[in-house]
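As structure tokens, the structure follows; a few thoughts come after it.
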Amino acid sequence: MTAAGGPPRVRFAPSPTGYFHVGGARTALYNWLVARRLGGAFVLRIEDTDRERSDESWTEGILSALSWLGIDWDEGPYRQSERRDLYDEAARRLYAARLLYACDCQRADVEARNKDNPTPGYDGFCRDRGLEPGPGRALRFRVPDEGVTVVHDVVRGDVEFANSTIEDFVVIKSSGDPLFVLAVVVDDIAMGITHVIRAEEHLPTTPKAVLLWEALEGGALPVYAHLPVLVNEKRQKLSKRRDRVAVEDYRMLGYLPEAMRNYLALLGWAPADGREVLSLAELVDEFRLEDVNVSPAFFDEKRLLHFNGLYIRALDDAEFIDRSQPFLVAPYATWTDETFDPVPFERLAPLVKERVGTLGEVAPMVAFLFAEPFVMDEAAFAKAIANDPGARPILEAAYDVFSASPWDAESLKAELIAIAESAGRKLAKAQAPIRVATMGSAVGLPLFESLQVLGRERARARIAAALEHVGAEQD
RNA sequence: GGCCCCAUCGUCUAGAGGCCUAGGACACCACCCUCUCAAGGUGGAGACACGGGUUCGAAUCCCGUUGGGGCUACCA
């Protein structure tokens, strides 16, 4: 029987042993969606029973990443390191019921005995030795020799494990510290968890959890849901060491949390119709654990980028300007506070918004306005000016005409069209030298609006400088 | 090796026996739009791993093979 009826209580239980990656974020999201949809509770629990590898700074990173994603918790964060008494008590109960036994086997001994064993794992050597618990002795769970343990999983159906294939697993280390499988079950029971939603990699340990849950008389088993793993381009499970997929990295690159959330939600789940852009409210409303896919999904940054662009363009101008602020200072900005001016930025912002995939791309696009000294892309200069014999007359004409022309985008465009005509070029070809001379790049924001904001003096000064530069090179 | 999971375009997926000549999206290609770059529009190429069943009929159900993945710690 599984827990049913009533609002669900779910938990997200990361271990603070490294940076928070997108796989964990997806798991947290799915848990959160289940809780919010059914009016349940989302419990946050830090699984730091491994004192060697756990570090408080990783916990802080997890908390901040969750907050950034808009995933809030109703209880916690609990820390397993502070709940030691509960695990000790559970172990005492299990030992008293003769479900646990002490073991002093060393790994090497077990392996030596298992040399010819076709089904390796702990061989039960200490099962009936009657060793007293104590320092240097681990406590193992006595797994039934026969029968099967079934894991009822909403996404995978029933998964059966023959008890004969489950070894007598350690529950308390020889140091006396509890092992995660015990801590998890004790906590899930104590916290009234109704749904255990986690990554597929935990599926093999789930029968052990079920055995412990029953041994501890935890009542109705939780509903299990093992989500497909997220994989890299080589189809391997995303790993903190191998793959650069920290949520924090995406945040720093200028991804929007709502875009990340939307993308993550679609990794292993899709709404009934073909919609892909879904608001948080829609996600909460439509997400169903039963509809989660079973096969691994590749975390595709290209697709994430697409979603991010969509979300950025959907921002209204004022919000875009507001959200860009953190990305207009170092290390994104190549200028100093003294040379930055919010007014020109805000005037070009609507044009910037249409052209960036991440907020991290904003600063480079407007750097021509603020960076001192002005930075020139030498390759673009060579192509559009130095190696183009027609560039000089165009620049000279622009330099002259711009001295008196009305200074607005429309007039500037008209002037350049006239210059292009007399140079026998189309506007697309004629604008290149001016663009490179004034903006330092062959690509970027629309030229005329940019010139208008740049200002007559600076525009002409840059054209003059380009002329001088090309003159020097040709001498 | 053992246990377990998975298998639709390169990628994320729709598809729950006839609606499939397999739909959408990203990426890719072409064209249109266009002051560059984007964005946008139109079109194109691109998949049911294989073999057996079951059935009047299978991408959908069953079995097998192959392939991929996870776990196999006194990590989580």
Side-chain angles (χ1 to χ4, degrees), chain A residues 13-18 47-50 52-54 80 103 105-107 117-122 136-140 151 153 156 159-162 164-167 169-181 183-184 198-207 226 228-229 231 233-237 263 266-277 293-300 302-307 309-310 313 351-357 365 380 384 412-413 416-417 420 426-432 434-436 439 441-450:
Chain A
S15 63
T17 55
E47 311 224 314
D48 54 355
T49 50
D50 186 344
E52 310 274 289
R53 300 198 308 151
S54 297
Q80 292 191 321
C103 168
C105 294
Q106 299 300 306
R107 188 182 165 84
N117 192 336
T119 56
Y122 183 65
R137 289 175 180 174
L139 254 31
R140 289 184 181 272
V151 173
D153 188 299
R156 281 157 215 282
V159 183
E160 298 189 354
F161 296 85
S164 59
T165 64
I166 304 172
E167 65 179 340
F169 55 95
V170 171
V171 136
I172 297 287
K173 303 182 201 178
S174 54
S175 65
D177 290 329
L179 215 58
F180 86 103
V181 62
V184 165
R198 44 153 53 156
E200 183 191 347
E201 66 210 68
H202 293 283
L203 186 52
T205 71
T206 305
H226 286 95
V229 289
V231 298
E233 60 288 335
K234 288 159 69 186
R235 302 247 120 215
Q236 293 166 318
K237 184 180 78 162
Y263 176 65
L266 262 22
L267 243 31
W269 175 83
D273 51 33
R275 281 171 310 136
E276 299 198 310
V277 177
N293 286 148
V294 282
S295 28
F298 169 56
F299 184 83
D300 187 351
K302 289 243 182 69
R303 200 164 151 78
L304 205 214
L305 185 61
H306 166 75
F307 274 92
L310 246 32
R313 276 174 257 127
L351 299 173
V352 175
K353 191 180 81 175
E354 296 298 318
R355 289 171 172 74
V356 294
M365 206 162 272
L412 290 167
K413 181 174 183 179
L416 195 56
I417 287 174
K426 292 203 166 163
L427 185 54
K429 283 290 282 179
Q431 60 90 40
I434 311 283
R435 169 183 294 280
V436 172
M439 299 176 73
S441 166
V443 298
L445 297 173
L447 177 61
F448 307 110
E449 285 80 356
S450 298

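Chain identifiers are assigned alphabetically (A, B, ...) following the order of the sequence lines, protein sequences preceding nucleic acid strands; residue numbering begins at 1 within each chain. The analysis underlying the following values was restricted to heavy atoms, covering all of them including side chains, and did not include hydrogens, waters or symmetry mates.
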Mark yes or no for whether [X], through its side chain, and [Y], through its backbone, hold a donor-acceptor pair below 3.5 Å.
X	Y	value
A:Arg198	A:Leu203	no
A:Asn293	A:Ser295	no
A:Arg355	A:Leu351	yes

Looking at [N], does its base get a donor-acceptor pair with the side chain of [X] below 3.5 Å?
X	N	result
A:Glu201	B:C5	no
A:Gln236	B:G68	no
A:Arg435	B:U36	yes
A:Arg156	B:C5	no
A:Ser174	B:C74	yes
A:Arg107	B:A73	no

Looking at every strand, decide which applies to [X] at a 4.0 Å heavy-atom threshold: base, sugar-phosphate, or nothing.
X	result
A:Glu167	nothing
A:Phe448	base
A:Asn293	sugar-phosphate
A:Arg235	sugar-phosphate
A:Arg313	sugar-phosphate
A:His202	base
A:Phe180	base
A:Ala138	base
A:Gly121	nothing
A:Glu47	sugar-phosphate
A:Gln80	nothing
A:Ser441	nothing
A:Leu267	sugar-phosphate
A:Leu445	base

Minimum-distance nucleotide to [X] side chain [options: [options]]:
X	options	answer
A:Val229	B:C74, B:G69, B:C12	B:G69
A:Val294	B:C6, B:C5, B:C75	B:C6
A:Ser295	B:G40, B:A7, B:U36	B:A7
A:Val443	B:U11, B:A76, B:U36	B:U36
A:Lys173	B:C71, B:C75, B:C35	B:C75
A:Lys237	B:C4, B:C74, B:C71	B:C71
A:Asp50	B:C75, B:C26, B:C35	B:C75
A:Lys302	B:C12, B:C75, B:C26	B:C26
A:Thr205	B:A76, B:G69, B:U36	B:A76

>> What I want to find out is whether A:Glu200 reaches A:Lys237 closely enough, with some N-O distance under 4.0 Å, to be called a salt bridge.
In response: no
>> So that I can tick it off, tell me whether A:Asp273 and A:Arg275 are bridged by a salt bridge, with the cut-off set at under 4.0 angstrom between side-chain N and carboxylate O.
In response: yes
>> Nearest heavy atom decides the nucleotide; on that basis, is A:Gly274 or A:Ala428 closer to the 5' end of RNA chain B?
In response: A:Gly274
> 5'-most contact on RNA chain B: A:Glu449 or A:Asp48, nearest heavy atom basis?
Replying inline: A:Glu449
Whole angstrom value for the distance that separates [atom2] of [N] from [atom1] of [X]:
X	N	atom1	atom2	result
A:Glu354	B:C37	CD	P	16 Å
A:Leu416	B:U34	CG	P	17 Å
A:Phe298	B:A25	CZ	C1'	16 Å
A:Leu305	B:A25	CG	C1'	15 Å
A:Arg355	B:C35	CZ	P	12 Å
A:Leu203	B:C6	CG	P	9 Å

> Does NZ in A:Lys173 sit with more than 12 non-hydrogen atoms of other residues, nucleotides or ligands closer than 6.0 Å?
Replying inline: yes
> So, for A:Leu447 and A:Met439, which heavy atoms are closest and what is the spacing to 0.1 Å?
Replying inline: CD1-SD, 3.8 Å
Rounded to whole angstrom, note down the [atom1] distance from [N] over to [M].
N	M	atom1	answer
B:G43	B:C50	C1'	34 Å
B:A16	B:U60	P	12 Å
B:C62	B:A7	P	11 Å
B:C19	B:C4	P	36 Å
B:G18	B:U54	C1'	16 Å
B:G40	B:C71	C1'	48 Å
B:U13	B:U55	P	34 Å
B:U66	B:C29	P	39 Å

>> Over 60° means perpendicular and under 30° means parallel, so tell me whether A:Tyr263 and A:Phe299 are parallel, tilted or perpendicular.
In response: perpendicular
Opposite nucleotide pairing with [N], Watson-Crick or G-U, both atom distances under 3.5 Å:
N	value
B:A73	none
B:G67	B:C6
B:C33	none
B:U55	none
B:C28	B:G44

Does a side-chain N or O from [X] land closer than 4.0 Å to OP1 or OP2 of [N], or not?
X	N	value
A:Arg275	B:G24	no
A:Thr49	B:A76	yes
A:Lys413	B:C35	yes

> Does a side-chain heavy-atom distance below 4.5 Å link A:Met365 with A:Ser441?
Replying inline: no
>> Could you walk me through whether A:His306 and A:Glu276 satisfy the side chain to side chain contact (heavy atoms under 4.5 Å, CB included) test, starting with their C-alpha distance in whole Å, then the side-chain angles of each, then the deciding distance to 0.1 Å, before giving a yes or no?
In response: CA-CA 11 Å; A:His306 166 75; A:Glu276 299 198 310; 5.8 Å; no
